[in-house]
Amino acid sequence: MTETAEPRTSSLSALAVLFGVVFINLVGFGLIVPLLPFFGTSLGAEPWQITLLFAAYSLGQFFAEPFWGRLSDRIGRKPVLLMTLVANAAGYLMLAFVPDIWTAIAVRLFTGLGAGNISTVQGYVADVTPPEQRAGRRGMIGAAFGLGFIVGPGIGGLLVDEAAGRQGFLTPIYLAAIMAAVAAVGVIVFLKESRAKADPTAPREPFLSGLKVAVANPVVSRVLLVTLIFMAGFAGMESTFALWADQAWGWHAREVGLNFMAVGVVSVISQGFLTGRLARRFGEANVLAFGASLFGVSLVAQIVAARLFPGHAWLVPVITAFTAFGMALTMPNVSALISRSVDPDRQGQMLGLNMASGSIARILGPIVAGFIYSALGPNWPFLIGAMFAVPAAVMALNAGRVFRREQTRISQEES
């Protein structure tokens with residue numbers, strides 16, 4: 001078994017460095033994502049083409065996440081984080097020079113292939129954190145994501161100039177590339193490796209070989225389904241939110257960017273202070289199910305607010321805060337359940353498969369949502385996302401029952 005390279009007494013300092021790196025990188029990410037629909041519009045794209053900008057990135061992540069997660073198990077987390085951050089910077093820079101929507105889609109595909117590092121970040125946290133604290137520690141890293149989404153979308157909304165067409169989006173794009181490069185420098189200078197390199201003579205498993213292990217694990221297999229179902233609904237809503245907000249409220253890039261700031265604020269508070277405490281008190285699976293349910297209810301509430309209170313746009317960020325709270329309760333507990341259910345040498349691989357499951361959802365969700373948006377109307381991606389939250393919550397509760405049963409069986413065998 002491969003051992004961690006650092007003692008756990010240094011875990012807090014390692015997490016502090018990782019927090020900073022994740023924050024800087026997510027500022028750049030947050031600069032771009034809320035503006036993508038309007039950037040696509042500036043290139044003359046149709047709604048279904050705009051959703052392909054989201055799907056192409058996720059298609060790249062689908063292949064990249066298991067690869068980077070498995071590679072980080074073998075060569076260490078630090079070099080993988082560095083390579084993916086450099087790919088982020090290159091992808092943002094190329095996006096600034098795209099001549100049309102199809103080239104933009106191809107660039108987003110490349111960026112997704114190179115930037116699938118979330119499972120590596122989760123694996124680093126697992127390396128330096130005791131099992132019972134992983135939900136809370138992942139919540140802290142999730143807070144760095146949320147904090148990046150406070151700063152990034154706000155800056156992006158202020159820097160964009162829609163009146164200038166495509167040129168008006170270049171300043172946020174350039175800044176995003178710079179932020180990714182700064183995060184890469186942070187990894188080089190400050191981040192210590194958390195795992196020793198694996199034996200190079202050890203036999204290598206085929207790509208995605210961990211899928212058989214995941215299917216055989218009764219907890220992991222169920223949690224992967226939760227990710228697939230839940231993220232499909234979320235991705236469909238996310239990719240059409242700006243278009244929906246334009247139709248329902250007359251919003252533009254600046255308003256959408258500022259609304260995403262509300263998501264970041266709630267994510268920081270929830271994941272930094274609440275997610276770990278709630279998981280320890282009620283169990284990861286129960287909190288996961290509640291988060292999925294709250295997410296679904298909030299999507300329906302957005303439609304109701306637009307229909308019944310058309311003059312009260314302030315309701316959008318308020319309801320979005322509940323959406324963000326549901327997300328904050330969901331994803332850290334997904335990864336915590338996986339990490340507590342597999343061997344340490346499999347954590348990067350299993351977390352990579354979880355991200356691949358989410359990537360499948362992020363591929364299909366936006367594509368389907370784009371066509372549904374055009375065929376049925378702006379509200380339908382929200383309604384479908386709400387419907388998907390129901391089976392996700394039920395499957396989460398089922399995974400929790402299986403997890404408790406497995407823990408009881410292991411305790412009995414050890415005694």
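We count residues from 1, following the sequence as given.
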Item to check | Side chain Glu284, main chain Asn333, donor-acceptor under 3.5 Å | outcome: no
Next on the checklist: Please enumerate all residues that pass ring-ring contact (aromatic ring centres under 6.0 Å, His included) together with Phe325, with sequence neighbours excluded.
Outcome noted: none
Item to check | Gap between atom OG1 of Thr171 and atom CG of Leu158 - 0.5 Å precision | outcome: 12.0 Å
Next on the checklist: Pair Tyr373, Trp380 - check ring pair (Phe, Tyr, Trp, His ring centres under 6.0 Å), show working.
Outcome noted: CA-CA 6 Å; Tyr373 182 99; Trp380 277 96; over 10 Å; no
Checklist entry - Short question: side chain of Arg254, backbone of Gly154 - any donor-acceptor pair under 3.5 Å? => result no
Checklist entry - Hey, is the main chain of Ala242 close enough, under 3.5 Å, to the side chain of Asp246 for a donor-acceptor pair? => result no
Item to check | Modelled atom types, side-chain donor and acceptor of Arg77 and Ser72, under 3.5 Å | outcome: yes
Next on the checklist: Ignoring hydrogens and geometry beyond distance, is a side-chain donor-acceptor pair present between Ser374 and Glu46 at under 3.5 Å?
Outcome noted: no
Checklist entry - How far does CG of Leu383 sit from CD1 of Ile372, to the nearest 0.5 angstrom? => result 10.0 Å
Checklist entry - Is a side-chain N or O of Arg74 found less than 3.5 angstrom from the main chain of Arg70, in a donor-acceptor match? => result no
Checklist entry - Taking everything shown except Tyr174 itself, do over 12 heavy atoms lie less than 6.0 Å from its OH? => result yes
Next on the checklist: Rounded at 0.5 Å granularity, tell me how far CG in Leu31 sits from CZ in Phe260.
Outcome noted: 13.0 Å
Next on the checklist: If we count only N and O atoms by modelled type, under 3.5 Å, do the side chains of Asn354 and Ser357 hold a donor and an acceptor together?
Outcome noted: no
Checklist entry - Any idea which heavy atoms bring Ile188 and Lys78 closest together, and the distance? => result O-NZ, 3.2 Å
Item to check | Listed once per pair and sorted, the ring-ring contact (aromatic ring centres under 6.0 Å, His included) pairs that draw on residues 219-239, sequence neighbours left out | outcome: Phe230-Phe295, Phe234-Phe295
Checklist entry - Is the Trp251 ring parallel, tilted or perpendicular to the Phe241 ring (thresholds 30°, 60°)? => result perpendicular
Item to check | Spacing of Thr275 atom OG1 and Ile269 atom CD1 [to the nearest 0.5 Å] | outcome: 11.5 Å
Next on the checklist: Whether the side chain of Glu255 engages the backbone of His252 through a donor-acceptor N/O pair (distance < 3.5 Å, no angle test) should be reported.
Outcome noted: yes
Next on the checklist: Minimum heavy-atom separation for Ser293 and Ala393, please, with both atom names.
Outcome noted: OG-CB, 3.5 Å
Next on the checklist: What I want to check is whether the side chains of Ser298 and Thr323 have a donor and an acceptor closer together than 3.5 Å.
Outcome noted: yes
Next on the checklist: Using only atom types and a distance under 3.5 Å, with no angle test, would you say the side chain of Ser341 pairs donor to acceptor with the backbone of Leu337?
Outcome noted: yes
